[in-house]
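Worksheet for the structure shown next.
These values consider heavy atoms only, across backbone and side chains, with no hydrogens, waters or symmetry-generated copies. Numbered from 1 within each chain, the chains take letters A, B, ... in sequence-line order.
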2 protein chains.
Amino acid sequence: MDLRALETLRAVRTQGGVSAAATVLHLTPSAVSQQLAALSRDAGVPLTERIGRGLRLTAAGEALADAAVDVAVAVERARAACAVFLDRPEGTVSVSAFQSGAQLLLPGLLTRVAALGGITLECSDEDVAQSEFAGLTDRVDVVVAHRPDGGAGWPGEGSRLRVVPLLREPLDLAVAADHQLADRDAVRPEDLVGEEWIAVRQGFPVAAVLDAVAAASGSPPRITQRINDFSVVEALVAAGHGVSLLPRHTGGTHPGVRLLPVRGVRAGRRVEALLRADVAERVVVRRVLDELVAEAGRFGSPA
Amino acid sequence: MDLRALETLRAVRTQGGVSAAATVLHLTPSAVSQQLAALSRDAGVPLTERIGRGLRLTAAGEALADAAVDVAVAVERARAACAVFLDRPEGTVSVSAFQSGAQLLLPGLLTRVAALGGITLECSDEDVAQSEFAGLTDRVDVVVAHRPDGGAGWPGEGSRLRVVPLLREPLDLAVAADHQLADRDAVRPEDLVGEEWIAVRQGFPVAAVLDAVAAASGSPPRITQRINDFSVVEALVAAGHGVSLLPRHTGGTHPGVRLLPVRGVRAGRRVEALLRADVAERVVVRRVLDELVAEAGRFGSPA
DNA sequence: ATGTCGTTGTAGCGTCGCTTCATGGATCTC
DNA sequence: GAGATCCATGAAGCGACGCTACAACGACAT
């Protein structure tokens, strides 16, 4: 029973196919297919079954993939057991983050890790849909992800995925500096009736605030723009094209924008680090993760 | 990090050297040495150090070998996870037992396992010193071993070795059918003053009884013969060459020998099954082990 | 019906690991 | 103390395994 074949099986599960798994493993689909065949021969039971023009794991395949996680964890524990005797943790760790998270955390993280010495960091920004964050962990060691406050967790959380809370960012109202509300200390939903809204495309808990506004006004608020990049949102807000909701620590650098806390509605997002269970056992990864948590601590508690 | 290399490291530890490990792994010493070198290169720390003309594991090597046990266990769990979907457990299991244990348990075990179907048993009798039983688990799946009642446990018990109690055999006094004590229901130490003793060579708790006899008589008992094989002991006892102590269920088949319980002294041996932690995870092995425990249950409780 | 996508076979090639043989120490024996 | 022996390790050669490249097949979409 080959370790790489088990790793491959897990990739096929998380990526949902042979070709996709081959991509993240830097292999050809043929190699993946052959590994699966060999593993199935070794196990004595079929691990995959064709479904349409793709395939999916059988019950045995799922069970083996689950067990493969434990194997990978044990192997990385073994590595870590040796690394203890290494005078200094060395190696490279790859970190990815969504755009605003990268902006907020990566600069400080890089200086912190550089201060440790011996660890090289490979950073990248990955802007993907909510459901694809988990899949990134096949390509990247530490994935900085975000999800709506109170939203559902991640698939495989606990068993094959480790989730480390980094910080909770409240969503503040962003208005132009010359907006009528700009000098207030805070706002309430009823203050926002009639405003034009700039919303993000995907899964942000803007809805909670907008619902409160709707409840206060009796009519649904107007959403005029749908922009994902916060810098663009800030530019639009500053130019007076509407108001928006921005994570407190992420935006606010634009001189023409004011951020105001919204009272009476709990809205925010959670920023978390996602790691595959086996990767989380590597000592270098743990060191980087510690620094990441410390850096995030500068901006508030993870709870 | 190769699975076979980890397995090799464990074998080097338990066998105490490269050559010995190579023997049980069916490899040449050179291959073992190369695997160790590759593993050490991979780990980044030396795993072995030369000591005299042999070698021993470094602290890092010990740590890695410990972790390797967990890896092997996880791998076998993965195998077992697939085997659940196999309609019937199949495969071959190797079982070894010391002479009298084999005589007592193997016939029944073979018929029981044959009744299950699909499992082939490779039995062998291994008569080794007390300290070498654990080492046998590198060559044999299930090792039926024995140790003095109240004696020390096995090295690595719990972590890298699984110990399954099979039965506790009291030691009875064996006398010739025409001996003066032959018609008694039981004997006490003071009855045995002046007898000539036939003892076994290695580590049996005969001492407890002999000490009691010495306390009753005031002088050490005479030990005239040292014989390991119980059949030979019985033959000698039957021929009137002395008395001896025999496990209750093992001997007694010789028509010229009577077995008498010894009151006032707790003496006996424990018969246990020894398995490597990873081997114990295999489903076929578990099945065989269940049958072995059941068979042993015919001769008394393991406690 | 044709094109495309995704998986699975086949041939060829590189690489890795094992065996054989040879070398270097360290211990034991005489 | 010198030779013999045992043990571990290195170098060369060979075999096997796994990967890539290419082709074939089935399924879905247009």
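For B/Arg287, the CZ atom counts as loosely surrounded, since its 6.0 Å shell holds 12 or fewer non-hydrogen atoms of other residues, nucleotides or ligands.
A salt bridge is defined here as a Lys NZ or Arg NE, NH1 or NH2 lying under 4.0 Å from an Asp or Glu carboxylate O, and A/Asp42 with B/Arg79 meets this definition. The residues B/Arg4 and B/Glu7 are annotated as not salt-bridged, no charged nitrogen and carboxylate oxygen being separated by less than 4.0 angstrom. Ion pairing between A/Arg13 and A/Glu62 holds under the 4.0 Å rule for side-chain N and carboxylate O.
For C/dT19, its base sits under 3.5 Å from the side chain of B/Gln34 at one donor and acceptor pair at least. One donor-acceptor pair, N or O on each side, does fall under 3.5 Å between the base of C/dG9 and the side chain of A/Ser30.
The CD-P distance, from A/Gln35 to D/dC19, rounds to 4 Å in whole Å. Rounded to whole Å, the distance from CG on B/Leu6 to C1' on C/dG17 is 16 Å. Between B/Arg53 atom CZ and D/dC7 atom P the separation is 6 Å, expressed in whole Å. Look at CG on B/Leu3: it is 13 Å from P on C/dG17, rounded to the nearest Å. Note: CD1 (A/Ile51) to C1' (D/dC28) measures 13 Å, nearest angstrom. Distance, B/His26 NE2 to C/dT19 C1': 16 Å, rounded to whole Å. One interatomic measurement links the two molecules: CZ of A/Arg50 to C1' of C/dC5, which rounds to 11 Å at whole-angstrom precision. Separating the CG atom of B/Leu39 from the P atom of D/dT9 is a distance of 13 Å, rounded to the nearest angstrom.
Here C/dT8 is the nucleotide among D/dT5, D/dT20, C/dT8 with the atom lying nearest to any side-chain atom of A/Ser33. In this structure, of C/dT4, D/dA8, C/dC18, it is C/dC18 that holds the atom nearest to the side chain of B/Ala31. The side chain of B/Leu55 has D/dT9 as its nearest neighbour among C/dT19, D/dT9, C/dC28.
A/Glu126 places a side-chain heavy atom less than 4.5 Å from the side chain of A/Arg139. Side-chain contact between A/Ser94 and A/Val142 is absent, with no heavy-atom pair separated by less than 4.5 Å.
Proximity of B/Thr28 to the phosphate of C/dT19: a side-chain N or O atom is located under 4.0 Å from OP1 or OP2.
Within a heavy-atom distance below 4.0 Å of DNA chain D, the residues of residues 7-21 of chain B found are B/Gly17, B/Val18, B/Ser19.
Checked options A/Glu76, A/Glu157, A/Glu272, A/Glu281; the residue passing with A/Arg162 is A/Glu281 (criterion: salt bridge (Lys or Arg N to Asp or Glu O under 4.0 Å)).
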